[in-house]
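Working notes, structure below.
Chain identifiers are assigned alphabetically (A, B, ...) following the order of the sequence lines, protein sequences preceding nucleic acid strands; residue numbering begins at 1 within each chain.
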Amino acid sequence: MDQVSVARLHVRVEGIVQGVGFRPFVHALAAEHRLAGFVGNDTGGVFVEIEGAGPRLAAFVADLRRRAPALAQVERVTTEPVVPTGQPGFVIVTSVTGAGRTALISPDTATCPDCLAELSDPADRRHGYPFTNCTNCGPRFTIVTDVPYDRRATTMAAFPLCPDCAAEYADPTNRRFHAEPVCCPACGPTLRLVTAGGDPVPGPPLDGAVRWLRDGRVVALKGLGGYHLAVRADDEQAVATLRARKHREEKPFAVMAADLPAARALVDVAPAAVPVLTGARRPVVLLPRRPDAPVAASVAPDNRDLGVMLPYTPLHQLLLGRLGMPIVLTSGNVSDEPIVHRDDDARARLAGIADGFLTHDRRIHVRADDSVVRVFRGRELPVRRSRGYVPAPVTVPWRFDRPVLACGAELKNTFCLAKGRRAFLSHHIGDLENYETLRAFTDGIEHFGRLFDIRPQVVAHDLHPEYLSTKYALRREGIELVGVQHHHAHIAACLADNGEPGPVLGVAFDGLGYGSDGTLWGGELLVADLAGFQRVGHLDAVPLPGGPAAIREPWRMAAAYLDALYGDALPDLPVLRRHERRWPAVVALARSGLNSPRTSSVGRLFDAVSALLDLRDHVSYEGQAAIALEQRADRDERGGYRVEASGPVPLADVGRQLVGHVVDDLLAGVDPGRIAARFHYGLADAVVRAAAAARDSTGLTSVALSGGVFQNVLLLDRVVSGLEATGFRPLVHSRVPRTTPASPSARPWWPPPATPP
Amino acid sequence: LAHGAGGKATRTLVEGIFVEAFRNPTLETLDDAAVLCPGVDRLAFTTDSYVVSPLFFPGGDIGDLAVNGTVNDLAVSGARPLYLAAGFILEEGFPVADLQRITASMAAAARRAGVQVVTGDTKVVQRGKADGCYVNTAGVGLLERPVTLGAGHVRPGDAIIVSGPIGDHGVTVMLARGELDIEADLVSDTAPLHGLVAALLDAAPGVRLMRDATRGGVATVLNEIAQAAEVAVVVDEAMVPVRPAVTGACELLGIDPLYVACEGRFVAVVDGAQAEAAVTALRRHPLGQDASVIGHVAADPTGIVLLRTAFGGTRVVDLLVGDPLPRIC
Ligand SMILES: [Fe+3]
Ligand SMILES: [Mg+2]
Ligand SMILES: [Zn+2]
Ligand SMILES: [Zn+2]
């Protein structure tokens, strides 16, 4: 070796670099590049010292990022020259613990190909073992109880390693080197099958569960982030039983298929959807259901799409493999409660729903629901970001001045803690009105704060005075509170998702959010950046006759719109006849203003049209009427209603004009499918024109699209193409959900970041 | 306006209407203050103002509301109501006939409650500065029983009782405004509760605390109890008595009966062991026929009211900051 060119570098690697096989990877890399030194973990990530010829050092450093293990997320590599020591060889040194934790915990990850191979290899000692994992896969976030990430700080602490596992764990060349959840049949968790009454069922648990499922029974299945309820997906009777017992009337269920070919029998899997469906995060992917899919009608009533996922644990893999048919897999809970994750809770709350339990003795520390995504233009469109994604941070190209807690909304809450350049979005928490959920919210904030060492100095909250998340924020003392308008939060979330500070035009369409003027917003055109916003356009407000009752009963929104349009000279429409008895009272309620706050919501406009087209008069889950309208739209229709510009406020008259067109077409006998399509396109075209008008006055050429209404891909697609055709740059979500639940995710981006990078 | 100026017109008004209505020796002196000689040392004293629209509604009017409300505040404090003071703020031009009707029902309510209106005051304000008629009443009662009531006595395991179906008054008044095209077979529940309270206290000495569920309804009262006593209140939705007509109207209006005002219902926290006896005694009384144990006190989570729903879920019933607004996004 040429002595002159020998150098030594101190290297620091930050990001998700612990518990993902990073140190063995560095060890192997050093060997490959023939370099000496050491590697270790500390609270900030991985530290390396490396010594050898200059060019090889450079290649090594480049490879650190380029060839990092599958689960690693390298955020930053910094190097600093130090004095060469001449020390030979390369070693892995003991972890350093201490204050100032910034090392990241990986999300739970689907079983890797190596583990799958062992699982199906009769000669392997983990053959058929449902808890097989390694540094590249397995449970993480859901079993971590504390930091630093170490077996002692996971729920695997209850399972002392056997000599074989201990050897693998200690061997730097082994795939299981420092894989904290490592285990095997000799030392790890065990599967059990018990009846609803809690009695053990003799025989191999998997066989029994397969038998039950084949017989059409409901099985409570303890998974990664909680208990699921499973039934075979093709059995109408079984699915109906599950719905009745769970008190979940119509909201679609997700289905798990054994593998990609099995999924293809259920849904059309576009090429862009394949990596999403088969990737390490394994979300539920909403895909077009095949007409011949062997799935009972009540799995996803009145829906062209079906949510499909593939097995993400060895247990699911083994179960689906033996079963040979897809199963409904829905969160184990009653109605809108959070997913059950504790064993005692499962016994108490699911005994009336499930016929039996396929369970095990590895504790779940944090519940995590399945994530849900759509695929839009080749990219993920997150609907619910939870298991598999959380707690990986969303990294932004600016720094937060001070640590921030964003408390989020009331429904489908997620909170967020942010520090430096990272925003840690929580798992899906749920509807805070439910007490269990509220506890998950407060406990979760605590847990995240500890895991990521974030002690917030700023707490951001929604302006809605009745949100329990707002009340939680207002109860915190000695901390700076910042109220953030709901739709500004949506747009800011979209900006952060895209790594942009703005300003942009922002279109925020959703159900309801508390406006700065105390009315309820939801059809907003904003000029916004991360720091602030201006409301430049919005739908004219209509009353919400009976407040929450108007949300549960979309026909009331039809009444409100028809009253605004026609007064007492009502056209003769079926919706009116269906509600003849209550119509006058609801109209009077709307006119009186009694418990009828006014709203500019586009979600409520969808409700009105859905009722006018006789699709939904009542809803049993959020967004149901709007989804029905999207589903009903005739895909052969391309024309949209023409909305005339009227008055100085962009979008103002859009709702009334669209409803007017819908009524005219209805009276003319036009097919509802065509009307639904024309309504979507008319609204989309109106959005594009409103944006164009706002561009004339502001010069802004980027448009951020956010809010629950843009879950609607029919609308989203038309808006995006229209904007592009008009010379705009549309920004949509791809990392952070756009829905209500996601609006909280915006809040960490308030207050404004200090400086761009 | 002359009627409020303090001169002869005022005298005419006072003598013509108020003394006539509330006639009793103490009031007839028309002194500035009533001199009361209760001869005991435990007095309860309260005041409340009444503004309701419309002034007259099925089952009552602002007059009996003003008497019953103050009587009930005394009653749930464990006192026997004795004397009331009444203050009126009238809008110029308010019809004398209406005032007479109000005072007549006040007098009737006072007689029913066994209390005397012993002093009063009247002001007339310019047209537009008030909405017809406002009434304030203050009341004095005697604490004759040895009971001590208060949040400090509330314990986990105690029973939560309501004395009757909830929401009648609030819904009746809302519908009586006549803006809505809704007919419901409902009357206000306005009534004096001291007799019912006495029946309860006789049957269950382990009463910890009582509150009349007026503004903000039962939900608000329960939250106040949970916070003051630092306990959890757990309510079973299925056990809360609500008349079908109230349920129906609330569904239409989109409001939760738990938050609707009552004027003749109270919430009692009672030693769990005496819950049966308490409810039995209440039900024997005409005003307590539908009394029901609606829940219990638990140690955790403190300061929170939880509602067990029909599906077995657990909903947080929070104190409202303002008018109810949908929280759905
Ligand atoms: Fe929203
Ligand atoms: Mg009072
Ligand atoms: Zn693996
Ligand atoms: Zn082992």
Determine whether the side chains of A:His733 and A:Ser706 contain a donor N or O and an acceptor N or O closer than 3.5 Å.
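A:His733 vs A:Ser706: donor-acceptor pair found between side chains.
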
Between A:Ser469 and A:Asn413, a side-chain donor and acceptor under 3.5 Å
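No donor-acceptor contact under 3.5 Å links the two side chains.
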
Set of residues satisfying ring-ring contact (aromatic ring centres under 6.0 Å, His included) with respect to B:His296, sequence neighbours excluded
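ring-ring contact (aromatic ring centres under 6.0 Å, His included) list for B:His296, sorted by chain: empty.
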
The side-chain hydrogen bond (donor to acceptor under 3.5 Å, both in side chains) partners of B:Tyr259 (sequence neighbours excluded) come to none

Test of understanding: with side-chain hydrogen bond (donor to acceptor under 3.5 Å, both in side chains), list the residues that count as partners of B:Asp189, not counting sequence neighbours.
none

Residue by residue, scan residues 583-591 of chain A and write down, ordered by number, those that have a heavy-atom distance under 4.5 Å to chain B; if none do, write 'none'.
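Within residues 583-591 of chain A, near chain B: A:Pro584, A:Ala585, A:Val586, A:Ala588, A:Leu589.
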
Choice from A:Glu553, A:Glu436, A:His247, A:Glu337 maximising heavy atom contacts with chain B below 4.5 Å:
A:His247

Whatever's closer than 4.5 Å to a heavy atom in chain A on B:Leu306 counts as side chain

Which atoms of B:Leu319 come close to chain A, meaning under 4.5 Å heavy atom to heavy atom: side chain ones, backbone ones, both, or neither?
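Interface part for B:Leu319: backbone (N, CA, C, O).
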
Please state whether the side chain, the backbone, both or neither of A:Arg349 comes within less than 4.5 Å of a heavy atom of chain B.
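When you check distances to chain B, no heavy atom of A:Arg349 falls under 4.5 Å.
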
For the residue pair A:His490 and A:His486, categorise the inter-ring angle as parallel (less than 30°), tilted (30 to 60°) or perpendicular (more than 60°).
perpendicular

Would you say CG of A:Asp517 has more than 12 non-hydrogen atoms from neighbouring residues, nucleotides or ligands within 6.0 angstrom?
yes

Step through the shown structure and confirm whether more than 12 heavy atoms of other residues, nucleotides or ligands are within 6.0 Å of CZ on B:Arg215.
no

